[in-house]
Amino acid sequence: MTGPWRSPALAAAVACLEDEIRDAWARLRGELDVAPGSPEESELARLVVDDPGAYDWRTVDGAVDRLTCPDCGARLTAGPATCETCEFRHRMRFGARERDRPHVPPGNEHALRVATAVTRSRHRYSPRARVGYELVLPDLLAGALPTTPQAQAAKALINTLADDECDRVASLAEVVELARGR
């Protein structure tokens, strides 16, 4: 994934997650003795995206990365929001398995997966959704999980921001400052 990220912490988290996604795909490919770049790898990727519930979400995202949308020509799920095939496959990725990592609160893996999907498919989400998930992604990757009241309070603050403000902020402290008095 490339692009300007709102903070160095987010850039580092995205890089780490992209490595995890590549590694998960490489593990499955290795287990099945499938050569990278081969027609068999493309077929395996199609099989994985057709049955996401049989695989971990990182593996599904790795499979998605190897396929091109037959309708828009973009990487599958990365096409314009108007591409029905990309939108369908983007939603299907949420059927993948998610197992909480050791030593993290229950639910962290789900939050991490959703935040990663939002970050990898930014154009499919509103500025408010993007800022909320992107600001919390580094903490989720580190194993934290905000409480429901914490998440609701952050959302209430974010909801006071204009779209351009959402796209500019690099920290929750900036959100708090911008939201002050609104």
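- Of the charged side-chain nitrogens involved, at least one lies within less than 4.0 Å of a carboxylate oxygen, so that Arg120 and Asp65 count as a salt-bridged pair.
- For His90 and Tyr125, the ring centers are positioned less than 6.0 Å apart.
- A side-chain donor-acceptor contact under 3.5 Å links Trp25 and Glu41.
- Judged by distance alone, the side chain of Asp100 and the main-chain N or O of Gly107 form a donor-acceptor pair under 3.5 Å.
- Applying the side-chain hydrogen bond (donor to acceptor under 3.5 Å, both in side chains) rule to Asp23 yields no partners; only residues at least two apart in sequence or on another chain are considered.
- Ion pairing between a basic and an acidic side chain is recognised when a charged N comes within 4.0 Å of a carboxylate O; Arg113 and Asp61 show no such pairing.
- Every salt bridge (Lys or Arg N to Asp or Glu O under 4.0 Å) that Arg180 has, sequence neighbours left out, goes to Glu177.
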Worked check of salt bridge (charged side-chain N to carboxylate O under 4.0 Å, His left out) between Glu109 and Arg99: CA-CA 6 Å; Glu109 190 69 7; Arg99 290 187 188 111; over 6 Å; no
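- With values rounded to the nearest 0.5 angstrom, Leu145 atom CG is found 6.5 Å from Leu140 atom CG.
- Asp139 is linked by a salt bridge (Lys or Arg N to Asp or Glu O under 4.0 Å) to nothing, counting only residues two or more places apart in sequence or in another chain.
- The ring-ring contact (aromatic ring centres under 6.0 Å, His included) analysis of residues 32-88, with sequence neighbours excluded, yields no pairs.
- Between Arg93 and Ser121, the side chains place a donor N or O and an acceptor N or O closer than 3.5 Å (distance only, hydrogens not considered).
- With sequence neighbours excluded, no residue satisfies salt bridge (Lys or Arg N to Asp or Glu O under 4.0 Å) with Arg97.
- Between Arg168 and Glu174 no salt bridge is recorded (no basic side-chain N to carboxylate O distance below 4.0 Å).
- In this view, Asn159 satisfies the side-chain hydrogen bond (donor to acceptor under 3.5 Å, both in side chains) rule with no residue, not counting sequence neighbours.
- To the nearest 0.5 angstrom, Arg130 atom CZ is 5.0 Å from Arg122 atom CZ.
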